[in-house]
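Data first, discussion second: the structure below is written as structure tokens.
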Amino acid sequence: MGKSDNIRIIRSSEEVDINNVNISYFNVTDRTYTKTGNDDEVSFMKFLLPDKAKFVPLND
């Protein structure tokens, strides 16, 4: 898995920039993410499966 400008690993929901809808934020504290559906997000989720980590979409 290479570097992506569309993925951010965060520890707190306060780190989410709500003005940038192109970035998927993966919160490692509560294991949620902001679902954008972009190619980088999908690739990252596939990389994590089946046994590295599991995240659920954050309800807006």
Side-chain angles (χ1 to χ4, degrees):
M1 178 93 210
K3 181 176 174 4
S4 170
D5 293 331
N6 295 327
I7 300 289
R8 297 286 189 279
I9 307 300
I10 61 172
R11 292 186 181 174
S12 169
S13 58
E14 286 82 32
E15 297 177 62
V16 174
D17 178 5
I18 58 172
N19 296 318
N20 193 339
V21 296
N22 297 320
I23 295 178
S24 297
Y25 293 92
F26 286 81
N27 186 332
V28 295
T29 302
D30 61 11
R31 300 181 104 172
T32 59
Y33 72 100
T34 56
K35 188 174 181 178
T36 63
N38 66 42
D39 291 340
D40 290 331
E41 174 189 298
V42 173
S43 294
F44 185 64
M45 292 295 286
K46 286 181 180 179
F47 167 76
L48 294 175
L49 294 176
D51 60 349
K52 292 178 182 75
K54 296 196 176 21
F55 289 83
V56 295
L58 179 65
N59 294 332
D60 292 347

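Within a 6.0 Å sphere centred on CG of Asp39, heavy atoms belonging to other residues, nucleotides or ligands number 12 at most.
With sequence neighbours left out, the side-chain contact (heavy atoms from CB on, under 4.5 Å) criterion links Val28 to Ile9, Arg11, Phe55. Here Asn6 pairs with Ser4, Asn38, Asp40 under the side-chain contact (heavy atoms from CB on, under 4.5 Å) rule; sequence neighbours left out. Under the side chain to side chain donor-acceptor pair (under 3.5 Å) criterion, Ser12 pairs with Glu14, not counting sequence neighbours.
Ring pair Phe26/Tyr33 is parallel by interplanar angle, where below 30° counts as parallel and above 60° as perpendicular.
Summarising the hydrophobic clusters (Ile, Leu, Val, Met, Phe, Trp, Tyr; side-chain heavy atoms under 4.5 Å, direct or chained), the residues clustered with Ile10 are Val16, Ile18, Ile23, Tyr25.
Distance CG/Asn27 to CD/Glu15: 7.5 Å, rounded to 0.5 Å.
Just one of Thr36, Asn22, Thr34 meets the side chain to side chain contact (heavy atoms under 4.5 Å, CB included) condition when paired with Glu41; it is Thr36.
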